[in-house]
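Before any comments, here is the structure.
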2 protein chains.
Amino acid sequence: MEELSTEQKIIAAARSVFTKKGFAGARTRDIAEEAGINLALLNYYFGSKENLFKIVIKEKFEQLFGMISPILSDESVPLGTKIKTLVDNYTKLLKENEELPIFILNELSVNGHIFDELLQYARQISQPVLEKQLKNNGMTLSVPNFIMNIISLTIFPFIAKPLFVSAGLITIENYTDFLNERRDNIPDWIMKLSK
Amino acid sequence: MEELSTEQKIIAAARSVFTKKGFAGARTRDIAEEAGINLALLNYYFGSKENLFKIVIKEKFEQLFGMISPILSDESVPLGTKIKTLVDNYTKLLKENEELPIFILNELSVNGHIFDELLQYARQISQPVLEKQLKNNGMTLSVPNFIMNIISLTIFPFIAKPLFVSAGLITIENYTDFLNERRDNIPDWIMKLSK
DNA sequence: GTCTATAACCTGATAGAC
DNA sequence: GTCTATCAGGTTATAGAC
């Protein structure tokens with residue numbers, strides 16, 4: 001077990017605080033404290049709150065959306081496998097990072113300008129491969145709808161957790177089971193509603 | 001056209017600023033300015049930023065989630081009509097209030113404690129009516145999955161708009177058409193994947 | 001009720017010692 | 001590199017005149 005460098009300790013703390021509180025709600029003091037270092041040191045290494053934030057948001061954005069294009073664009077993988085891989089990977093990722101989607105999507109909505117550089121170099125999803133596969137499987141759905149359906153059904157239940165729990169629809173103890181059950185069902189659902 | 005009272009002008013401005021920036025990112029100065037009044041007056045009427053926020057968040061929460069239970073609980077309405085009503089109402093509401101879902105869901109995640117009182121009195125969704133209707137329609141899906149599927153497919157596309165646009169999947173000009181097309185398709189999709 | 005002025009506090013960032 | 005101390009600026013909230 002290796003000790004983290006000071007720089008890495010700060011980034012780790014920044015990940016934790018920023019994803020929980022958002023940019024505006026996070027305080028550099030809290031990050032410093034969680035990193036076990038002094039506030040001055042944070043500025044020594046990263047110069048400003050915004051610089052540190054950009055490092056974290058870039059990382060998290062990539063973590064959340066970086067997998068879509070590689071998985072969907074591979075021509076040699078059958079459509080059914082792609083769906084299953086995407087749903088499985090997201091469910092695993094989000095179980096371990098519950099605040100991730102709401103963090104990214106909220107910052108995208110509130111501080112969209114911070115993403116300008118980031119999105120400029122973002123992999124654009126290539127549609128022709130998927131289009132062909134959908135057609136070959138006798139499916140009439142458009143590619144954007146196909147992708148939207150997968151990630152809506154998979155990601156939204158994580159975002160809506162506090163709501164569903166408080167509405168009495170699912171208990172907090174059963175929520176993981178609920179998500180696992182959905183993970184196993186979504187691929188079939190997607191095939192059904194793509195025809 | 002009636003003039004708004006000062007109190008109402010402040011609330012209107014608070015709605016606008018809070019939903020765009022979130023609690024932490026919003027400044028009372030901006031709210032006062034947008035209301036066309038002085039900062040002191042805001043505190044004269046509402047005492048604190050948090051008090052004003054509670055009024056707005058309660059209103060918005062109700063606007064976003066208040067419709068679910070009344071629509072779904074009415075025993076005399078056929079299942080297909082319920083789905084269509086829910087999807088239509090949400091699409092209309094969110095077209096006019098794009099930041100609404102991310103605002104509520106983010107505050108729920110970041111400042112959950114503010115909702116404590118609010119959720120205490122929240123209508124719990126009664127499941128027996130829906131359960132019966134699902135069964136009578138030969139459907140095997142559980143009620144929580146049924147509700148989750150409807151609101152995932154309907155609400156998430158609004159939240160994911162900046163993402164889909166920047167990924168080059170849909171242009172900003174075509175997004176409204178995309179949402180309208182989905183609104184018309186989702187009821188069929190829901191029926192399909194509930195069997 | 002509404003304003004100006006200011007208090008009280010908080011937060012990001014820096015100076016300077018070690 | 002790391003710390004303590006502090007600055008500079010911003011933000012919420014209030015005092016007090018009108």
Side-chain angles (χ1 to χ4, degrees), chain A residues 2-60 103 106-107 110-115 117, chain B residues 1-60 103 106-107 109-115 117:
Chain A
E2 189 161 331
E3 261 294 291
L4 289 174
S5 68
T6 300
E7 210 171 345
Q8 284 304 317
K9 278 193 282 188
I10 296 172
I11 292 184
R15 268 184 215 116
S16 162
V17 176
F18 278 136
T19 52
K20 276 192 211 110
K21 302 285 188 73
F23 178 75
R27 303 183 321 161
T28 50
R29 282 175 159 74
D30 292 338
I31 297 174
E33 192 188 358
E34 188 161 323
I37 53 97
N38 189 277
L39 174 58
L41 213 48
L42 185 152
N43 284 287
Y44 171 77
Y45 278 105
F46 298 98
S48 74
K49 180 184 179 183
E50 184 164 327
N51 283 345
L52 184 53
F53 182 72
K54 279 183 178 170
I55 293 170
V56 171
I57 197 96
K58 180 172 179 173
E59 206 184 278
K60 291 286 164 184
F103 168 62
N106 183 60
E107 294 299 335
V110 169
N111 293 314
H113 65 97
I114 290 186
F115 290 83
E117 293 173 53
Chain B
M1 217 35 157
E2 189 161 330
E3 261 293 291
L4 288 174
S5 69
T6 301
E7 210 172 344
Q8 284 304 316
K9 277 192 282 189
I10 296 171
I11 293 185
R15 268 185 215 116
S16 162
V17 175
F18 278 136
T19 52
K20 276 191 212 114
K21 301 285 189 70
F23 177 76
R27 303 182 320 162
T28 50
R29 279 174 159 74
D30 292 338
I31 297 174
E33 192 187 358
E34 189 161 325
I37 53 98
N38 189 277
L39 173 58
L41 213 47
L42 185 152
N43 284 288
Y44 171 76
Y45 277 106
F46 298 98
S48 74
K49 179 182 179 183
E50 185 164 324
N51 284 344
L52 184 53
F53 182 72
K54 279 183 177 169
I55 292 170
V56 171
I57 198 97
K58 181 173 181 175
E59 206 185 277
K60 292 285 166 184
F103 169 62
N106 182 60
E107 295 299 336
S109 154
V110 168
N111 293 314
H113 64 97
I114 290 186
F115 290 82
E117 296 173 52

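Reminder, nothing fancy here: chain letters follow the sequence lines and each chain counts from 1.
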Problem set entry | Sorted by number, the residues of residues 23-34 of chain A with heavy-atom contact under 4.0 Å to DNA chain D |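 Per residue number, the list is empty: none.
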Exercise. Taking atom CD of Glu7(A) and atom CG of Leu42(A), what is their separation to the nearest 0.5 Å?
Worked result: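 Atom-to-atom, Glu7(A):CD and Leu42(A):CG are 11.0 Å apart.
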Problem set entry | Asn106(A) CG to Thr19(A) OG1 distance, which is reported to the nearest 0.5 Å |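 If we round to the nearest 0.5 Å, Asn106(A):CG and Thr19(A):OG1 are 12.5 Å apart.
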Count the heavy atoms of every other residue, nucleotide or ligand shown that sit under 6.0 Å from [atom1] of [X], and state whether that count exceeds 12.
X: Glu59(B); atom1: CD; answer: yes
X: Glu33(A); atom1: CD; answer: no
X: Lys49(B); atom1: NZ; answer: yes

From [atom1] of [X] over to [atom2] of [N], roughly how many Å is that when rounded to an integer?
X: Leu52(B); N: dA13(D); atom1: CG; atom2: C1'; value: 14 Å
X: Leu42(B); N: dA15(D); atom1: CG; atom2: C1'; value: 17 Å
X: Phe18(A); N: dT11(C); atom1: CZ; atom2: C1'; value: 13 Å
X: Lys49(A); N: dT11(C); atom1: NZ; atom2: C1'; value: 8 Å
X: Asn43(A); N: dT6(D); atom1: CG; atom2: P; value: 18 Å
X: Ile37(B); N: dG1(C); atom1: CD1; atom2: P; value: 14 Å
X: Lys21(A); N: dC10(C); atom1: NZ; atom2: C1'; value: 14 Å
X: Lys9(A); N: dT2(D); atom1: NZ; atom2: C1'; value: 11 Å

Exercise. Are Phe103(A) and Phe18(A) close enough, and set up right, to give a ring-ring contact (aromatic ring centres under 6.0 Å, His included), and what steps lead you there?
Worked result: CA-CA 8 Å; Phe103(A) 168 62; Phe18(A) 278 136; 7.4 Å; no
For this session: Could you say whether Leu41(A) or Thr6(B) is positioned toward the 5' end of DNA chain C, judged by the nucleotide with the nearest heavy atom to each?
Result: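 Mapping each residue to its closest nucleotide by heavy atoms, the 5'-most match is Thr6(B).
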Exercise. Reckon Asn38(A) has a side-chain N or O less than 4.0 Å from the OP1 or OP2 of dC3(D)?
Worked result: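 No, outside the criterion.
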Exercise. How would you label the contact of Tyr44(A) with the nucleic acid (heavy atoms, under 4.0 Å): base, sugar-phosphate, or nothing?
Worked result: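 Base contact.
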For this session: Determine the contact category for Leu39(A): base if any of its heavy atoms lies under 4.0 Å from a base atom, sugar-phosphate if only primed atoms, P, OP1 or OP2 are that close, otherwise nothing.
Result: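 Base: the residue Leu39(A), judged by heavy atoms under 4.0 Å, touches a nucleobase.
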Problem set entry | Ion pair check, Glu50(A) and Lys54(A), cut-off under 4.0 Å |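 Between Lys54(A) and Glu50(A) there is a salt bridge, with a charged N closer than 4.0 Å to a carboxylate O.
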